[in-house]
Amino acid sequence: MKLAVLGAGAVGSSVAELASQYGHTITALADSQSAVVDADGIDVDSALARKQAEGIVGDAEPEEALSASYDVLVEATPTTLGEAEPGFTHVTEALNRDKHVVLANKGPVAERYGEVREAEQDSEGTVLFEATVGGAMPVLSTIADFDADKITAVRGVLNGTANFILSRMAAEGLGYEHVLAEAQDLGVAETDPSFDVDGTDAALKCVILANVLSEGEECTLEDAVVEGIRDLPSSALDLANEDGKTIRLIGEVSDDGVRVGPRLIEENTALTVTGTRNIVQVETTHAGVLNISGRGAGGPETASAVFADIGRLPNQ
Amino acid sequence: MSESEDVHAYTVRLELTDRPGELLRALEPIAETGGNLLSIFHERGNLTPRGDIPVEVDLEATPERFEQIVDALKAADITVIEAGSDRYSEEIVVVLVGHLVETDLSHTLSQIQEASGASIKDFALSAPEGENAESSARLRMATEAGKSEQILAAIREIAGDKELSVIEPLGEVDR
């Protein structure tokens, strides 16, 4: 398949870099400033090298990537809230051209799910977004396989940064600020960690899950009850620990809606993953609880989910 | 069982003669009458003035069966000190975080107890930064089965008034 990749961050770059291993050709790659386009396949290595050296991927305008020749648009620009632009426009423009869209950007399916689905209905193209929930983990495809109707709740650890901080605070008895600084040194937390530690990132993933589970009743970030971990003192973790429990940032999607916040959980259960690992528990009507665990972020990890989606697209 | 929705939790306090086989003899009528044993608290080292051993048994049964159980115990000549009071069969643990001491902790606790109808079984405070800083408290509450959501709602409201945050337990899914 011919892929146009929008976004040249960790995920976009990995998709471009690994595409040939999955038998795909990159016909366009764009970041926010520039693009490189070639209907026969771009030179990925030199585009990424240029991105490293000069901060641009090529000499074309970013819009040219959107109008290039491709079968699948891979939308991997940064997640934005509210209008979810420019991601949303990228999605609709590709669909207007009857092209497939694979999203790694959470914005359009979290904030404007109904509109994305509507645009998809009017198009020959299909929209898939496995990479938006839990990185490499096959969460959305599992839900699709089991049928959203047969799933009563989904919950789990959906943010590796917050989980790293909490599991480290619990294990070492260290304070939040200390562990955050450590996580930033290790590259586990960003310089501005708000998105992760305030629960926004986990909430967006839960909102996407809620949208998939309740076809029809649209949910956005505004509908979610979200609490972060910034104000959690280590004394709270100590008290939990004394009682054989711990505290993790848990996202929950159920009939009661979407809720993200620090929760008390038993210390040794499937949910208590440590470090940056993620886990999602799917509660099914006929098959009990399924646990899906793995790497919830990272360039090659998330790119794997993008390639899995491309493999699921119809008419190949 | 068709009567299952009518099952309650009961606590029975017994005094057993210090003789081998007495505990088993006391439990038999419960099992035979269809009571569901929840826990047995057997204080072997703590004798009553008469030299008997106090035993506390928590069980679940329908009210009719519970009456039969008590009758069967009495018929077997087992001393029943107390029976019947509707007791608690579920436990909830929450952690409160915030200015717990400044916002009058004992008032918070009695409010929680009153509003939720739960009984606070144990309580731990951790205030490593001193009593004027933010601290954390762990509360273990006993409640009747099925009341957890109601109790958590009451705690949320009381905590909200005092700007405390509540770290709630995650509902069980590992069935």
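Reminder, nothing fancy here: chain letters follow the sequence lines and each chain counts from 1.
- Atom CG of A:L232 and atom CD of B:E134 lie 9.5 Å apart (nearest 0.5 Å).
- Residue A:E242 touches chain B through both its backbone and its side chain, counting heavy-atom pairs closer than 4.5 Å.
- Applying the 6.0 Å contact sphere to CD of A:E267 captures more than 12 heavy atoms from other residues, nucleotides or ligands.
- Looking at heavy atoms from C-beta onward, A:L237 lies out of side-chain contact with B:V95 at the 4.5 angstrom threshold.
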*Run the numbers on B:L170 and A:L264 for side chain to side chain contact (heavy atoms under 4.5 Å, CB included), then give the verdict.*
CA-CA 6 Å; B:L170 187 71; A:L264 269 177; over 6 Å; no

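- B:S126 pairs by the side-chain contact (heavy atoms from CB on, under 4.5 Å) definition with A:S235, A:L239, B:P128, not counting sequence neighbours.
- Other residues, nucleotides and ligands contribute only 12 or fewer heavy atoms inside 6.0 Å of the CZ atom of A:R295.
- Atom CD of B:E157 has 12 or fewer heavy atoms from other residues, nucleotides or ligands within 6.0 Å.
- For the options A:P262, A:A236, A:A240, A:A153, heavy-atom pairs under 4.5 Å to chain B are most numerous at A:A236.
- To the nearest 0.5 angstrom, B:R138 atom CZ is 9.5 Å from A:N241 atom CG.
- Summarising the local packing, CG of A:D145 is surrounded by more than 12 heavy atoms from other residues, nucleotides or ligands at distances under 6.0 Å.
- Considering every non-hydrogen atom in both A:E227 and B:S165, the closest pair reads OE2-CB, 4.1 Å.
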*I would like to know whether A:D231 and B:V97 meet side chain to side chain contact (heavy atoms under 4.5 Å, CB included); could you show each step before the answer?*
CA-CA 9 Å; A:D231 300 323; B:V97 176; over 6 Å; no

